[in-house]
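Have a look at the structure below, then the notes.
Atoms considered below: every heavy atom in the structure, side chains included; atoms not considered: hydrogens, waters and symmetry mates. In what follows, every chain begins at residue 1, and chains take the letters A, B, ... in the order their sequences are listed. Predicted model, so just to flag it, every value in this text is computed and none were measured.
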Amino acid sequence: MPNITLPDGKKIKFDKKVSGIEISEKISKSLSKQALVMSVDGNLKDLSFIIENDSKVKIFTSKDAEGLETIRHDTAHILAMAVQELFPGTQVTIGPVIENGFYYDFARKDPFTENDLKKIENKMKEIVERDELTRFEVWDRDKAIEHFKKIGENYKAEIIKDIPHGEKISIYFHGKWHDLCRGPHLLSTAKIGKFFKLTKVAGAYWRGDSNNEMLQRIYGTSWASQKELDDYLKRIEEAEKRDHRKLGKEMDLFHFREESPGAVFWHNKGWALFQKLVSYMRVKQENAEYKEINTPEILDRSLWEKSGHWEKFGENMYTSTTPDEKVFAIKPMNCPGCVQVYNQGLKSYRDLPLKMSEFGKVHRYEPSGALHGLLRVRAFTQDDAHIFCTEDQITEECLSVTNLILEIYKDLGFENVILKYSDRPEVRVGEDSVWDKSETALLKAIKESKLEYSINKGEGAFYGPKIEFVLTDAIGRDWQCGTLQVDLNLPGRLGATYVDKDGGKKVPVMLHRALFGSLERFIGILIEHYSGKLPFWISPLQTMIIPVSDEFNDYSKSVNSKIKRAGISSDVDLKSHNLNYKIREHSLSKLPILLICGKKEVDTNSVTIRRLDSNKQENMQLEKFIKEFSILNKAPSL
RNA sequence: GCCCCUGUAGUUAAAUGGUAUAACGUAUCCAUGGUAAGGAUGAAUUUCCAGUUCAAUUCUGGGUGGGGGCACCA
């Protein structure tokens, strides 16, 4: 006779075997109405599961992550039911819960259209109303395979074949419709409610492998209440408003065009932002003892063959044949060029660590489907550096890179940073013993940094293991930006050496590191993080001077030139629009500071400040304005 | 690269088997204004290449770009 222990420690004694729903009824009527699933000794179970022995039981409602996940899982099943009712002959494959929703992959000849989504949604609602009861059976493997094959569900049969022998094959029924599934599920289809929406159709490879056939995936979202669904849809809308592609156009920062897919045409304001970030990093790197260099964009094929890029990275490289038939590659990475700078002249152990930075523009032939605004381009500028050092210096140098990156992210408004560590990939150069050494040294640095980190097996660069720096933006999205790679391979391949204490030549270790990764991508992230309202010090155009009428144009022009001389970017709006019009226009373009100049200002040699998102008027002496805003015109850490 | 959707003034959109409409922007003129759109007039457009058709921006096929996913992100 089971003794049930609840999360608060309370025990309930039952005189017979008991189901989850019976337990919830015993606790309270309202709980039994809201109950969705339960855990029995830590394992999630259907509420209909019968408990025979003493157990710890926790009942979940839609307020718990477990409850909401089960709702989504059930919604995915109901989606599959609806699709098969509407489109007989469609095969089901898998339909997992994902963040904020679920998807289901189907195999069907004809594509689903946006119109079908609406139809399917209605059918789903109908199924919810039918309130089909959930039932659960355990089948024999061979019977299950045979059954699914017989009804034409070849993908399901294949999935079952891959389930290890000895594991139970559980089949869930919702009415007559059934699916292979681990569960748990709600008691009936009505329990999911109607707070779901199918969001998009997309292609997806069977088992995520691009060699396999493509299935049709339907994405959806599902919530416990109409309000939560509405809030979610609202959040999506808000995120779309900060899309850097849209803001980039509105703010006149950059554009793309057909002649060069995946390459940015920077407008004046966008380029100003780009250059501000570069100047800022120059100062930070100067302070950290980096020496800036610059190397050719086009280099002979032989160098890329030596470095290993030709073989391991060739598919992503642009090449160019000259009129005299020589083959060059447009650099996809800066490292070989940098090693050649290192190689020019003799280096001593006393020169190490030698940190060479380069704002290098690289070109990579990315798959067309990967391109996405500034976030994924084919031509971009890396804030790259290569640190040549001895093996003993690796850990210390990695730590100093990590600190530099954290400082820079903080200046730009990103406080939350986590690390991702990736070790040796399948396609790589170098001996395993060398990889052992690099991986150990890098891991040691990670541990000493005391930052949170995760491990990505097999995702390192072809020449060495790496850390990636992942930051979190204003609406909680993660972005992978900086990177740090240990490389014991390239320097040797390209013949880099230094003269050690004993007079013998040794091969240095090279660390590759990028702070933002790609300037282009980072600018995209910055725009989205700030919704285009960039901090004053990196604003591409910081102040706009607006004369109240033509009469004050001269005064406005003189204010403009004084502000510019102080290093603050500024412009005068002399167009023949009225004041209100100009204020609206420049506010919409997210200009941080508007300076209004009229009679009052001329008489007192002052300006009236209007800050973005405020309608307060603040009159200030011009000299004072320049002094105060010059202080704000620097990164917080400088 | 793969699947689906998509391409109309600078921008955002509307319409159509008989070469297109609006708003904003732009240009000219009027208005000279004090904190989120003052008024008038004008210029400007169907992504490219084939095909069907008397006639294609519209239908069909292909190229190419863009979007959403998948795969990729060295």
Side-chain angles (χ1 to χ4, degrees), chain A residues 103 105 108 110-117 199-219 240 243 245-246 249-250 252 255-262 308-309 311-317 332-333 335 362 364-373 375-378 380 422 425-429 458-464 466 468 480 483 485 512 517-518 521 546-553 575-589 594-601 608-619:
Chain A
Y103 66 78
D105 284 349
R108 173 177 178 241
D110 301 317
F112 292 115
T113 64
E114 299 286 327
N115 253 345
D116 292 335
L117 288 191
T199 49
K200 53 199 167 197
V201 269
Y205 296 108
W206 166 236
R207 299 204 148 144
D209 184 339
S210 57
N211 296 315
N212 290 342
E213 61 275 31
M214 184 152 279
L215 307 170
Q216 294 187 63
R217 175 171 299 178
I218 297 179
Y219 282 92
E240 276 167 14
D243 190 314
R245 292 167 298 184
K246 185 170 166 282
K249 211 179 269 174
E250 282 171 17
D252 191 20
H255 83 276
F256 290 91
R257 53 172 58 235
E258 278 198 33
E259 292 97 330
S260 190
H309 286 82
E311 191 196 342
K312 309 285 180 195
F313 199 62
E315 288 200 346
N316 296 286
M317 283 160 68
M333 295 188 199
C335 19
V362 296
R364 301 180 182 181
Y365 187 75
E366 301 284 355
S368 58
L371 302 180
H372 182 95
L375 302 181
R376 192 80 184 273
V377 287
R378 284 181 174 157
F380 59 98
S422 306
E426 269 176 43
V427 180
R428 60 176 182 262
V429 294
E459 302 210 344
F462 72 79
Y463 45 73
K466 65 179 178 185
E468 264 141 4
Q480 192 172 299
T483 172
Q485 302 162 6
H512 307 237
S518 142
R521 178 174 147 84
I546 307 178
V548 172
S549 78
D550 290 355
E551 222 180 303
F552 313 108
N553 282 359
K575 284 203 273 296
S576 64
H577 285 121
N578 64 22
L579 181 59
N580 281 350
Y581 182 92
K582 290 180 185 178
I583 287 174
R584 177 180 151 83
E585 191 190 11
H586 294 121
S587 299
L588 288 175
S589 81
L594 304 183
L595 297 178
I596 316 295
C597 295
K599 180 154 193 319
K600 193 168 71 191
E601 288 75 16
T608 298
I609 305 169
R610 185 188 163 116
R611 296 169 197 258
L612 185 58
D613 286 336
S614 156
N615 53 12
K616 264 201 309 210
Q617 296 176 38
E618 217 179 317
N619 188 261

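B:A22: Watson-Crick or G-U partner is B:U12, with both key distances under 3.5 Å. With a cut-off of 3.5 Å on both Watson-Crick or G-U wobble distances, the partner of B:C2 is given as B:G69. Pair assignment for B:G33 gives none, since no Watson-Crick or G-U wobble pairing has each distance under 3.5 Å. Of the nucleotides present, B:G51 is the one that pairs with B:C59 by Watson-Crick or G-U wobble criteria, both distances under 3.5 Å.
Rounded to an integer number of Å, the gap from CG of A:Asp243 to P of B:U12 is 12 Å. The interatomic distance linking A:Leu371 (CG) with B:C70 (P) rounds to 16 Å, in whole Å.
Donor-acceptor pairing under 3.5 Å, judged by distance alone, is absent between the side chain of A:Arg217 and the base of B:C4. No donor-acceptor contact under 3.5 Å links the side chain of A:Tyr205 to the base of B:G69. Looking at A:Glu366, its side chain has no donor and acceptor atom pair within 3.5 Å of the base of B:G1. Contact annotation: side chain of A:Glu258 to base of B:G7, donor-acceptor pair present below 3.5 Å. Below the 3.5 angstrom threshold, one finds a donor paired with an acceptor across the side chain of A:Asn316 and the base of B:A74. Put simply, the side chain of A:Asp550 and the base of B:U32 share a donor and an acceptor less than 3.5 Å apart. Residue A:Arg610 places a side-chain atom within donor-acceptor reach of the base of B:A36, judged by atom type and a 3.5 Å distance cut-off alone. Not a single donor-acceptor contact under 3.5 angstrom links the side-chain atoms of A:Arg428 to the base of B:A74.
Taking atom C1' in both B:A15 and B:U57, the straight-line distance is 11 Å, to the nearest Å.
We find that A:Glu366 and A:Arg364 are not joined by a salt bridge, their nearest charged nitrogen and carboxylate oxygen being 4.0 Å or further apart. Here A:Glu468 pairs with A:Lys466 in a salt bridge; the nearest charged N to carboxylate O distance falls below 4.0 Å.
Side-chain N/O atoms of A:Tyr219 include one lying less than 4.0 angstrom from OP1 or OP2 on B:C70. Of the side-chain N and O atoms in A:Lys200, one or more sit less than 4.0 angstrom from OP1 or OP2 of B:G69.
Remark: A:Lys200 is positioned above the aromatic ring of A:Tyr219, its terminal NZ or CZ atom under 6.0 angstrom from the ring centre and at most 45 degrees off the axis. By the 6.0 Å and 45° rule, A:Arg521 does not stack over the aromatic ring of A:Phe380.
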